Amino acid sequence: MDRASDYGSEGWGFNSLRARHHHMGHPVAVQELKARLAGARAVAALTGAGISADSGVPTFRGADGLWQTHRAEDLATPEAFARDPRLVWEWYNWRRELIAAKSPNAAHYALVDLERRVERFWLITQNVDGLHPAAGSQKLSEIHGNIWKVRCTQCGQVGTNSAVPILIPPRCPTCNGLLRPHIVWFGESLDPVDLERSFSAVRSCEVLLIVGTSGIVYPAASFASLAKEAGAFVAEVNLDPTPNTQIVDVAIRGRAKDIVPVLL
Ligand code: APR
């Protein structure tokens, strides 16, 4: 869901919880989070573009962010696709070519390791780059879709297409209908199965680990406070402060590739 709009008022001061902010790798915070993760039987993780930044995938709102140089409403809405599917596909082809040359980094692999260690684990990602499944993540909801998947606008069939470059406009192998990226665009709702799976993981985890997201796009932006309300210990690993920083128990500033592996 390439939606950049929902900076809901809830995002700020949703719950004036005491939060202990710790800068880059502050040993006390890292030790506390390590101990919490080691002792937990149910862990959920939420990731955003920041976890893939260390793999060279541009973020959305960072200095080199996609939304700095591209108008999302011209490229990531059903209206834009109806208006000019070729333009939208050229943009997604450019992103696919860029991502195809990238590999998961140590933070992606550390979350695969966590998945294998913890009894009940679920990973919720906002990323469409496919680097989590490429690293080996299986207990995963890609709530904004996946850039290597396509969906027929006529028969609705969803398939995988990893052609780089992709033939534009791509056609459905079954009904020859026009294919679109299987990505949740602005104004579109999430897959109800992904949503339900994500909410139940966030509400039943003992630890929620949030990595590399600006925390302004809903529903993912509500997960920190939902987990807190359910009694979980919530941690943020991020380069910059975010609205989540006010909510979490520990906030660790730093690069995902440096911090996340250390936590395990
Ligand atoms: N390590 C950790 N955090 C990082 C790193 C890094 N190497 N690099 C950047 N960050 C942080 C930034 O500080 C920022 O807070 O990652 C965050 C990335 O924020 P966004 O670019 O807004 O990306 P994201 O939160 O994933 O966006 C959410 O918005 O446009 C839509 O659908 C799109 O899924 C996306 C959603």
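As the structure lists them, so they are numbered: ligands from 1, and atoms in each ligand from 1. The structure presented is a predicted model; accordingly, all values stated were derived computationally and were not measured.
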* To do: Can you label the angle between the Phe81 ring and the Trp185 ring as parallel, tilted or perpendicular, going by 30° and 60°?
  =>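 The rings of Phe81 and Trp185 sit tilted, inter-plane angle from 30° to 60°.
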
* Evaluate the ring planes of Trp89 and Tyr92, with Trp represented by its six-membered ring, and classify them as parallel (under 30°), tilted (30 to 60°) or perpendicular (over 60°). =>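 Correct class here is perpendicular.
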
Proximal atoms of ligand 1 relative to [X] (non-hydrogen, under 4.0 Å):
X      : answer
Thr59  : 21 (O)
Val217 : 28 (C), 29 (O), 36 (C)
Gly212 : 3 (N), 16 (O), 17 (C), 18 (C)
Thr213 : 15 (O), 16 (O), 17 (C), 24 (P), 25 (O)
Asp240 : 12 (C), 13 (O)

* Any Gly254 heavy atom less than 4.0 Å to ligand 1 ->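 Flag set, Gly254 near ligand 1.
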
* Between the side chain of Thr77 and the main-chain N/O of Ala80, is any donor-acceptor distance below 3.5 Å? ->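 Yes, the answer is positive, given that a donor and an acceptor are paired below the 3.5 Å cut-off.
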
* To do: Nearest 0.5 Å please: distance from the CD atom of Glu142 over to the CD1 atom of Ile147.
  =>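 If I round to the nearest 0.5 Å, the distance is 11.5 Å.
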
* Asked: Pick from His182, Arg96, Lys149: which one makes a side chain to side chain donor-acceptor pair (under 3.5 Å) with Asn161?
  ->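 Option passing the side chain to side chain donor-acceptor pair (under 3.5 Å) with Asn161: Arg96.
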
* **Glu188 bridged to Arg180 by N-O distance under 4.0 Å** =>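 So Glu188 pairs with Arg180 through a salt bridge.
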
* **Under-4.0 Å salt bridge between Arg120 and Glu115** =>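 Salt bridge flag = no for Glu115 with Arg120.
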
* Are any of the N or O atoms of Val237 closer than 3.5 Å to those of ligand 1? ->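 No, there is no polar N/O contact under 3.5 Å.
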
[atom]: which of [options] has the nearest heavy atom?
atom                    : options                       : result
atom 23 (O) of ligand 1 : Gly215, Ala49, Gly48          : Ala49
atom 29 (O) of ligand 1 : Arg61, Gln126, Glu142, Arg253 : Arg61
atom 15 (O) of ligand 1 : Ile259, Val184, Asn238        : Asn238

* **Structural part of Ala256 in contact with ligand 1, heavy atom criterion under 4.0 angstrom** =>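 Near ligand 1, Ala256 shows its backbone as well as its side chain.
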
* **Proximity to ligand 1 by part of His144, non-hydrogen separation under 4.0 Å** =>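 For His144, the contact with ligand 1 is made by the side chain alone.
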
* Asked: With Ile51, which of Asn127, Asp129, Thr213 fulfils side chain to side chain contact (heavy atoms under 4.5 Å, CB included)?
  ->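 Going through the options one by one, the only one that passes is Asn127.
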
